[in-house]
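Everything on this sheet refers to the single structure shown next.
To find a chain, count down the sequence lines: A is the first, B the second, and so on, and within it residues start at 1.
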Amino acid sequence: MFQITSERIDACALAQALQLPAAGACVSFDGRVRDHHQGRVVLRLEYEAYRPMAEAEGGRILAEARERFPILDACCRHRVGLLEIGECAVWIGVLAAHRQAAFQACEYIIDQVKARVPIWKKEFYADAPPEWVFATRPQAADPGREVEVIS
Amino acid sequence: MDAFKTIKIFYFASLRERCGRSEELRGTAAGTPAQLYDELRREYGFDLQQAHLRVAVNEVFAAWDRPLADGETVVFIPPVAGG
(Lines give C-alpha, C1' and ligand atoms only; values in the text may rest on other atoms or scores of the structure.)
Protein backbone atom coordinates (compact mmCIF):
# COMPACT_ATOMS: atom_id res chain seq x y z
CA MET A 1 0.00 0.00 0.00
CA PHE A 2 1.20 3.51 -0.82
CA GLN A 3 0.07 6.23 1.55
CA ILE A 4 0.52 9.96 1.79
CA THR A 5 0.42 11.17 5.38
CA SER A 6 0.74 14.41 7.27
CA GLU A 7 1.56 12.46 10.45
CA ARG A 8 5.07 11.66 11.63
CA ILE A 9 6.30 8.38 10.09
CA ASP A 10 7.23 5.73 12.65
CA ALA A 11 9.70 3.59 10.70
CA CYS A 12 10.03 0.99 13.45
CA ALA A 13 6.28 0.46 13.67
CA LEU A 14 5.99 0.09 9.90
CA ALA A 15 8.82 -2.43 9.79
CA GLN A 16 7.29 -4.47 12.61
CA ALA A 17 3.94 -4.54 10.83
CA LEU A 18 5.53 -5.91 7.67
CA GLN A 19 5.71 -9.62 8.50
CA LEU A 20 5.17 -12.83 6.56
CA PRO A 21 6.29 -16.35 7.54
CA ALA A 22 7.74 -16.92 4.04
CA ALA A 23 9.83 -13.74 4.13
CA GLY A 24 13.51 -14.31 4.80
CA ALA A 25 14.37 -10.70 4.01
CA CYS A 26 12.94 -7.33 4.90
CA VAL A 27 14.74 -4.45 3.18
CA SER A 28 13.68 -0.95 4.10
CA PHE A 29 14.64 2.55 3.07
CA ASP A 30 14.20 5.50 5.39
CA GLY A 31 14.58 8.78 3.51
CA ARG A 32 15.35 11.61 5.94
CA VAL A 33 15.52 15.38 5.82
CA ARG A 34 19.13 16.48 5.26
CA ASP A 35 20.61 19.72 6.57
CA HIS A 36 22.35 20.72 3.32
CA HIS A 37 21.85 20.85 -0.42
CA GLN A 38 24.45 21.89 -2.99
CA GLY A 39 26.49 23.73 -0.42
CA ARG A 40 23.55 25.52 1.17
CA VAL A 41 22.39 25.10 4.74
CA VAL A 42 18.85 23.70 4.74
CA LEU A 43 16.72 24.53 7.77
CA ARG A 44 13.60 22.50 6.97
CA LEU A 45 11.52 21.14 4.10
CA GLU A 46 7.95 21.33 3.02
CA TYR A 47 6.42 18.52 0.96
CA GLU A 48 3.20 18.92 -0.99
CA ALA A 49 1.34 16.17 -2.87
CA TYR A 50 -1.50 15.82 -5.32
CA ARG A 51 -2.82 13.23 -2.96
CA PRO A 52 -5.29 11.07 -4.92
CA MET A 53 -2.97 10.83 -7.90
CA ALA A 54 0.13 10.35 -5.75
CA GLU A 55 -1.49 7.40 -3.99
CA ALA A 56 -2.72 5.93 -7.28
CA GLU A 57 0.65 6.36 -9.01
CA GLY A 58 2.45 5.04 -5.93
CA GLY A 59 0.17 2.01 -5.93
CA ARG A 60 1.04 1.37 -9.57
CA ILE A 61 4.76 1.50 -8.69
CA LEU A 62 4.33 -1.07 -5.92
CA ALA A 63 2.40 -3.31 -8.33
CA GLU A 64 5.19 -2.98 -10.90
CA ALA A 65 7.76 -3.95 -8.26
CA ARG A 66 5.77 -7.10 -7.51
CA GLU A 67 5.69 -7.97 -11.22
CA ARG A 68 9.39 -7.32 -11.82
CA PHE A 69 10.91 -8.94 -8.75
CA PRO A 70 10.09 -12.11 -6.78
CA ILE A 71 8.93 -10.28 -3.66
CA LEU A 72 6.13 -11.05 -1.24
CA ASP A 73 4.98 -7.60 -0.18
CA ALA A 74 5.92 -3.94 -0.42
CA CYS A 75 4.69 -0.77 1.16
CA CYS A 76 5.56 2.90 1.03
CA ARG A 77 4.52 5.90 3.08
CA HIS A 78 5.40 9.49 2.18
CA ARG A 79 5.05 12.48 4.45
CA VAL A 80 3.67 15.88 3.48
CA GLY A 81 3.75 19.21 5.31
CA LEU A 82 6.63 20.88 7.17
CA LEU A 83 9.48 18.56 8.17
CA GLU A 84 12.45 19.27 10.39
CA ILE A 85 16.02 18.04 9.87
CA GLY A 86 16.35 14.31 10.58
CA GLU A 87 12.66 13.51 10.23
CA CYS A 88 11.55 10.63 8.02
CA ALA A 89 10.17 11.90 4.70
CA VAL A 90 9.59 8.55 3.03
CA TRP A 91 9.66 4.95 4.20
CA ILE A 92 9.71 1.89 1.96
CA GLY A 93 9.65 -1.70 3.11
CA VAL A 94 9.93 -4.83 0.96
CA LEU A 95 9.51 -8.46 1.96
CA ALA A 96 10.97 -11.32 -0.07
CA ALA A 97 12.03 -14.89 0.45
CA HIS A 98 15.62 -13.87 -0.39
CA ARG A 99 17.51 -10.62 0.03
CA GLN A 100 18.53 -9.85 -3.57
CA ALA A 101 14.97 -9.33 -4.80
CA ALA A 102 14.14 -7.26 -1.73
CA PHE A 103 17.13 -4.92 -2.28
CA GLN A 104 16.37 -4.55 -5.99
CA ALA A 105 12.67 -3.91 -5.49
CA CYS A 106 13.32 -1.35 -2.75
CA GLU A 107 15.68 0.59 -5.03
CA TYR A 108 13.23 0.37 -7.92
CA ILE A 109 10.45 1.77 -5.77
CA ILE A 110 12.38 4.77 -4.44
CA ASP A 111 13.74 5.59 -7.92
CA GLN A 112 10.25 5.51 -9.41
CA VAL A 113 8.71 7.48 -6.55
CA LYS A 114 11.24 10.25 -7.07
CA ALA A 115 10.65 10.29 -10.83
CA ARG A 116 6.89 9.92 -11.13
CA VAL A 117 4.83 10.50 -8.03
CA PRO A 118 3.33 14.02 -7.90
CA ILE A 119 5.07 15.20 -4.74
CA TRP A 120 6.93 18.50 -4.53
CA LYS A 121 9.63 19.66 -2.16
CA LYS A 122 10.35 23.18 -0.98
CA GLU A 123 13.66 23.80 0.73
CA PHE A 124 14.06 26.53 3.33
CA TYR A 125 17.62 27.89 3.49
CA ALA A 126 19.56 29.71 6.17
CA ASP A 127 20.75 32.41 3.78
CA ALA A 128 18.33 32.54 0.82
CA PRO A 129 14.61 32.53 0.02
CA PRO A 130 12.94 29.10 -0.11
CA GLU A 131 12.85 27.27 -3.44
CA TRP A 132 10.96 24.39 -5.00
CA VAL A 133 13.53 21.81 -6.05
CA PHE A 134 13.38 18.68 -8.12
CA ALA A 135 15.47 15.59 -8.13
CA THR A 136 15.88 14.83 -11.80
CA ARG A 137 15.43 16.99 -14.84
CA PRO A 138 12.14 16.33 -16.61
CA GLN A 139 11.95 14.83 -20.08
CA ALA A 140 14.59 15.58 -22.70
CA ALA A 141 17.08 17.81 -21.02
CA ASP A 142 20.70 18.14 -20.05
CA PRO A 143 21.54 15.10 -17.92
CA GLY A 144 24.67 16.77 -16.61
CA ARG A 145 23.34 17.86 -13.25
CA GLU A 146 21.42 15.55 -11.01
CA VAL A 147 19.75 18.26 -9.04
CA GLU A 148 18.26 21.37 -10.50
CA VAL A 149 16.48 24.19 -8.80
CA ILE A 150 13.45 26.04 -10.06
CA SER A 151 12.11 29.16 -8.50
CA MET B 1 -12.85 26.91 -32.06
CA ASP B 2 -13.61 24.15 -29.60
CA ALA B 3 -16.82 24.09 -27.61
CA PHE B 4 -16.98 25.96 -24.34
CA LYS B 5 -16.51 23.67 -21.36
CA THR B 6 -15.96 23.77 -17.63
CA ILE B 7 -12.69 22.29 -16.34
CA LYS B 8 -11.62 21.74 -12.74
CA ILE B 9 -7.99 22.73 -12.22
CA PHE B 10 -5.81 22.09 -9.17
CA TYR B 11 -2.55 24.01 -8.69
CA PHE B 12 0.48 22.78 -6.80
CA ALA B 13 3.92 23.97 -5.71
CA SER B 14 5.34 26.86 -7.75
CA LEU B 15 2.22 27.12 -9.93
CA ARG B 16 -0.02 27.41 -6.85
CA GLU B 17 2.17 30.12 -5.38
CA ARG B 18 2.31 32.05 -8.65
CA CYS B 19 -1.45 32.15 -9.27
CA GLY B 20 -2.35 32.47 -5.60
CA ARG B 21 -4.95 29.72 -5.49
CA SER B 22 -4.99 25.95 -5.15
CA GLU B 23 -7.95 25.24 -7.41
CA GLU B 24 -10.47 26.77 -9.75
CA LEU B 25 -13.48 25.84 -11.84
CA ARG B 26 -12.73 27.41 -15.18
CA GLY B 27 -14.89 28.03 -18.22
CA THR B 28 -12.72 27.69 -21.30
CA ALA B 29 -12.76 27.05 -25.03
CA ALA B 30 -9.35 25.32 -24.82
CA GLY B 31 -9.54 22.02 -26.66
CA THR B 32 -6.44 20.38 -25.19
CA PRO B 33 -4.27 20.61 -22.06
CA ALA B 34 -1.63 22.43 -24.14
CA GLN B 35 -4.13 25.12 -25.15
CA LEU B 36 -5.39 25.38 -21.59
CA TYR B 37 -1.85 25.84 -20.23
CA ASP B 38 -1.19 28.58 -22.81
CA GLU B 39 -4.33 30.34 -21.63
CA LEU B 40 -3.34 30.06 -17.96
CA ARG B 41 0.24 31.12 -18.64
CA ARG B 42 -1.01 34.31 -20.24
CA GLU B 43 -3.34 35.00 -17.34
CA TYR B 44 -1.07 34.14 -14.40
CA GLY B 45 2.38 34.65 -15.87
CA PHE B 46 3.63 31.13 -15.08
CA ASP B 47 7.35 31.01 -15.80
CA LEU B 48 7.48 27.22 -16.28
CA GLN B 49 7.38 26.25 -19.93
CA GLN B 50 5.16 23.41 -21.05
CA ALA B 51 8.27 21.31 -21.79
CA HIS B 52 9.11 21.36 -18.05
CA LEU B 53 5.69 20.11 -16.99
CA ARG B 54 3.63 16.99 -17.27
CA VAL B 55 -0.14 17.03 -17.31
CA ALA B 56 -2.66 14.79 -15.62
CA VAL B 57 -6.29 14.53 -16.66
CA ASN B 58 -8.63 12.86 -14.18
CA GLU B 59 -5.64 11.81 -12.03
CA VAL B 60 -3.75 10.00 -14.81
CA PHE B 61 -0.79 11.33 -16.81
CA ALA B 62 -2.10 12.44 -20.21
CA ALA B 63 -0.86 13.66 -23.58
CA TRP B 64 -0.74 17.43 -24.14
CA ASP B 65 -2.87 17.10 -27.30
CA ARG B 66 -5.55 14.91 -25.74
CA PRO B 67 -9.03 16.40 -26.28
CA LEU B 68 -10.56 17.94 -23.15
CA ALA B 69 -14.18 17.21 -22.27
CA ASP B 70 -16.59 19.17 -20.11
CA GLY B 71 -16.25 18.37 -16.41
CA GLU B 72 -12.75 16.90 -16.53
CA THR B 73 -10.07 17.58 -13.91
CA VAL B 74 -6.69 18.89 -15.08
CA VAL B 75 -3.49 19.25 -13.09
CA PHE B 76 -0.26 20.66 -14.50
CA ILE B 77 2.59 18.89 -12.77
CA PRO B 78 5.82 20.79 -12.14
CA PRO B 79 8.99 18.70 -11.83
CA VAL B 80 8.44 16.33 -8.92
CA ALA B 81 10.73 15.77 -5.94
CA GLY B 82 9.44 13.02 -3.71
CA GLY B 83 11.74 11.01 -1.48
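We find the NZ-CD distance between A:K122 and B:E17 to be 3.5 Å, quoted to the nearest 0.5 Å. Rounding to the nearest 0.5 Å places CZ of B:F61 at 5.0 Å from CD of A:E57.
Put simply, the side chain of A:Y47 never gets that close to the backbone of B:A81: no donor and acceptor are under 3.5 Å apart.
By the 4.5 Å heavy-atom criterion applied to side chains, B:F12 and A:P118 are not counted as neighbours. Within the 4.5 Å cutoff, the side chain of B:V80 has heavy atoms near those of the A:W120 side chain.
The environment of CD in A:E107 is sparse: at most 12 heavy-atom neighbours from other residues, nucleotides or ligands sit within 6.0 Å. Within 6.0 Å of CD on B:E24 lie more than 12 heavy atoms contributed by other residues, nucleotides or ligands. Dense packing is recorded around CZ of A:R60, with more than 12 heavy atoms of other residues, nucleotides or ligands lying under 6.0 Å away. Counting heavy atoms of neighbouring residues, nucleotides and ligands inside a 6.0 Å radius, atom CZ of B:R66 exceeds 12 of them.
One hydrophobic cluster, built from ILVMFWY side chains closer than 4.5 Å, cannot hold both A:F103 and A:V90; they sit in different ones. Hydrophobic clustering of Ile, Leu, Val, Met, Phe, Trp and Tyr side chains at less than 4.5 Å, counting indirect connections, unites A:F2 with A:F69. Linking ILVMFWY residues whenever their side-chain heavy atoms come closer than 4.5 Å, directly or via other members, places B:I7 and B:F46 in the same cluster.
Interface check for chain B: of the options A:C76, A:A49, A:A89, A:A56, the most heavy-atom pairs under 4.5 Å are formed by A:A49. The candidate from B:N58, B:I77, B:V60 with the greatest count of non-hydrogen atom pairs under 4.5 Å with chain A is B:I77.
Pairing each heavy atom of B:A56 with each of A:M53, the nearest pair is CB-SD, 3.4 Å.
For B:R16, the part lying under 4.5 angstrom from a heavy atom of chain A is the side chain only. Contact of B:T73 with chain A is made through the side chain alone, with heavy-atom distances under 4.5 Å.
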